[in-house]
Chemist: 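Submitted below is the structure of interest, expressed as structure tokens.
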Amino acid sequence: MSVSSEIIRLRQLLPPGVKLCAVSKFHPVEAIREAYDAGQRCFGESRVQELLEKVAQLPSDIEWHFIGHLQTNKVRPLIGKTTLIESVDSEKLLNLIDSESRKAGVTTRILMQLHVAREETKFGFLPEELLDFFRNRKFESLTNTHICGVMGMASNTDDETRVRADFAEIAKVYRTISEDSSLGLRGFDMVSMGMSHDWPIAVEEGATIVRIGSMIFGERS
Ligand SMILES: *Cc1c(COP(=O)(O)O)cnc(C)c1O
């Protein structure tokens with residue numbers, strides 16, 4: 001299947017209200033352009049240098065989501081280039097994004113990455129850590145960062161029960177935070193979860209953003 005036919009097929013399958021982030025990491029700008037011509041506007045990248053090179057070559061109405069582990073020495077060049085940094089995995093990184101955004105005079109929209117999968121990436125907040133972050137109102141010190149929701153990955157396994165439980169846990173942490181009116185959060189409404197092999201389960205469990213790469217663009221080399 002071509003990139004454009006996969007984009008069109010996915011758009012028909014996704015319920016309204018679920019945003020498709022087309023994960024274009026390691027794929028050339030020509031592939032992104034083909035998706036763009038099929039109407040896709042949101043793309044996900046996992047390396048800062050690669051994202052900056054693609055931003056420079058592609059139309060300015062693209063929404064770029066950063067989805068990879070962000071090293072602190074790469075924060076400054078990324079600020080102002082993304083619509084959403086989905087992968088904020090530590091308070092240190094969050095505070096650095098905030099201070100660099102303040103210096104640049106911009107507000108950066110981010111998601112807090114949760115670590116629920118058993119054997120996958122080691123990055124992200126444990127559910128209790130993230131709940132403590134909000135209970136302790138640590139978001140109040142941020143001046144130039146808008147926390148829009150949470151992002152997470154399920155365990156990389158064929159065991160659908162395990163995958164569903166991981167997504168359900170991410171959604172539960174999200175709801176615990178978003179339904180706590182004492183926090184006074186505004187615009188905390190995004191749950192990014194689900195990739196090529198598990199997105200239908202993520203949607204059933206409450207995803208509002210799915211991040212799909214290889215299903216659209218083919219295998220990465
Ligand atoms: C690469 C990546 C994806 C997309 O994975 P596919 O299996 O190619 O759909 C989604 N989320 C994150 C965080 C990724 O690094």
Side-chain angles (χ1 to χ4, degrees), residues 1-11 13-14 18-28 31-32 34-35 38 40-51 54 62-71 74 78 82-90 93-94 97 109-126 130 148-160 162-164 166-167 169-171 173-174 190-221:
M1 278 245 245
S2 69
V3 167
S4 55
S5 56
E6 272 301 332
I7 292 279
I8 290 161
R9 194 179 69 90
L10 270 168
R11 202 182 292 136
L13 292 173
L14 286 168
V18 178
K19 185 180 194 89
L20 172 61
C21 176
V23 175
S24 48
K25 64 185 184 195
F26 306 116
H27 291 285
I32 301 178
E34 189 180 343
Q40 181 64 23
R41 290 295 178 272
C42 178
F43 294 92
E45 289 286 336
S46 61
R47 294 190 300 195
V48 172
Q49 191 55 37
E50 186 177 346
L51 181 144
K54 287 173 172 173
I62 288 180
E63 269 189 42
W64 294 100
H65 288 200
F66 189 81
I67 62 169
H69 175 60
L70 180 54
Q71 292 165 290
K74 300 282 174 61
L78 190 62
T82 60
T83 302
L84 191 64
I85 299 176
E86 296 203 14
S87 44
V88 175
D89 54 15
S90 71
L93 177 62
L94 177 62
I97 288 171
R109 288 150 45 94
I110 67 108
L111 302 181
M112 299 292 258
Q113 182 173 349
L114 273 165
H115 177 52
V116 299
R118 299 313 113 158
E119 70 290 302
E120 278 306 281
T121 162
K122 59 186 182 293
F123 299 117
F125 294 85
L126 295 173
L130 193 65
C148 298
V150 301
M151 177 272 233
M153 271 174 263
S155 304
N156 186 13
T157 167
D158 291 335
D159 178 1
E160 193 184 312
R162 171 81 262 151
V163 169
R164 188 177 294 280
D166 287 346
F167 287 141
E169 187 172 9
I170 294 166
V173 173
Y174 164 75
M190 298 181 189
V191 182
S192 175
M193 57 187 191
M195 314 188 353
S196 291
H197 62 285
D198 57 16
W199 70 265
I201 306 171
V203 167
E204 284 170 15
E205 296 300 327
T208 70
I209 302 173
V210 291
R211 308 177 308 271
I212 301 183
S214 45
M215 187 178 215
I216 297 170
F217 295 107
E219 292 305 322
R220 291 176 286 274
S221 46

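The structure presented is a predicted model; accordingly, all values stated were derived computationally and were not measured. One-based numbering along the sequence shown. Numbering of ligands and ligand atoms starts at 1, following listing order. Any value given below was found using the heavy atoms of this structure, including those in side chains, with hydrogens, waters and symmetry copies removed.
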Chemist: Can you tell me how far the CZ atom of R47 sits from the CG atom of L78, to the nearest 0.5 Å?
Modeler: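 The CZ atom of R47 sits 14.0 Å away from the CG atom of L78.
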Chemist: Looking at L93, is its backbone amide N or carbonyl O close enough to the side chain of S90 to form a donor-acceptor pair, meaning the two atoms are under 3.5 Å apart?
Modeler: yes
Chemist: How far apart are the closest heavy atoms of S196 and I212, and which atoms are they?
Modeler: OG-CG2, 3.5 Å
Chemist: Starting from atom 2 (C) of ligand 1, locate the nearest protein heavy atom and write down its residue, its atom name and how far away it is, to 0.1 Å.
Modeler: K25 NZ, 2.6 Å
Chemist: Please state whether M215 comes within less than 4.0 angstrom of ligand 1, counting heavy atoms only.
Modeler: no
Chemist: Distance to 0.1 Å, residue and atom name: give those for the protein heavy atom nearest to atom 11 (N) of ligand 1.
Modeler: R211 NE, 2.8 Å
Chemist: Report the nearest protein non-hydrogen atom to atom 7 (O) of ligand 1: residue, atom name, distance rounded to 0.1 Å.
Modeler: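 Going by distance alone, atom 7 (O) of ligand 1 is nearest to S214 OG, 3.6 Å.
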Chemist: Name the one of V48, L111, L84 that satisfies side chain to side chain contact (heavy atoms under 4.5 Å, CB included) with F66?
Modeler: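 Running side chain to side chain contact (heavy atoms under 4.5 Å, CB included) over V48, L111, L84 with F66 returns exactly one hit, V48.
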Chemist: Look up atom CE in M112 and atom OG in S192, then write down how far apart they are to the nearest 0.5 Å.
Modeler: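 Rounded to the nearest 0.5 Å, the CE-OG separation comes to 14.5 Å.
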Chemist: Looking at atom 9 (O) of ligand 1, what's its closest protein heavy atom, distance included?
Modeler: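 Here the closest protein heavy atom is S196 OG, 2.5 Å.
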Chemist: For the pair H69 and F123, name the ring-plane relationship: parallel under 30°, tilted 30 to 60°, perpendicular over 60°.
Modeler: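 H69 vs F123 ring planes: parallel.
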Chemist: Examine ligand 1 and decide if any of its atoms is less than 4.0 Å from a heavy atom belonging to E86.
Modeler: no
Chemist: Counting from 1, what ligand 1 atoms have a heavy atom of I212 closer than 4.0 Å?
Modeler: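 Within the 4.0 Å cut-off of I212, ligand 1 contributes 9 (O).
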Chemist: Considering both backbone and side-chain atoms of M195, is one of its nitrogen or oxygen atoms within less than 3.5 Å of a nitrogen or oxygen in ligand 1?
Modeler: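 No; the residue has no nitrogen or oxygen that sits under 3.5 Å from a nitrogen or oxygen of the ligand.
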Chemist: What atoms of ligand 1 come within less than 4.0 Å of a heavy atom belonging to G213?
Modeler: 4 (C), 6 (P), 8 (O), 9 (O)
Chemist: Taking all non-hydrogen atoms of both residues into account, name the closest pair between E205 and A171 and its distance.
Modeler: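 In terms of heavy atoms, the two residues are closest at O-CB, 3.4 Å.
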Chemist: Atom 12 (C) of ligand 1: which protein heavy atom is closest, and how many Å away?
Modeler: I67 CD1, 3.6 Å
Chemist: Give the atom numbers and elements of ligand 1 that come within less than 4.0 Å of a heavy atom of M153.
Modeler: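 Listed by number with element, the hits are 13 (C).
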Chemist: Identify the two heavy atoms, one from M190 and one from R109, that lie closest to each other, and give their separation to 0.1 Å.
Modeler: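 So the minimum-distance heavy-atom pair works out to CE-NH2, 3.4 Å.
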Chemist: Looking only at N/O atoms, are H197 and ligand 1 under 3.5 Å apart anywhere?
Modeler: no
Chemist: Considering distance alone, does some N or O of S46 sit under 3.5 Å from an N or O of ligand 1?
Modeler: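 So ligand 1 has no N or O lying under 3.5 Å from an N or O of S46.
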Chemist: Between T157 (side chain) and D159 (backbone), is there a donor-acceptor pair under 3.5 Å?
Modeler: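 Flag set: sc T157 to bb D159 pair under 3.5 Å.
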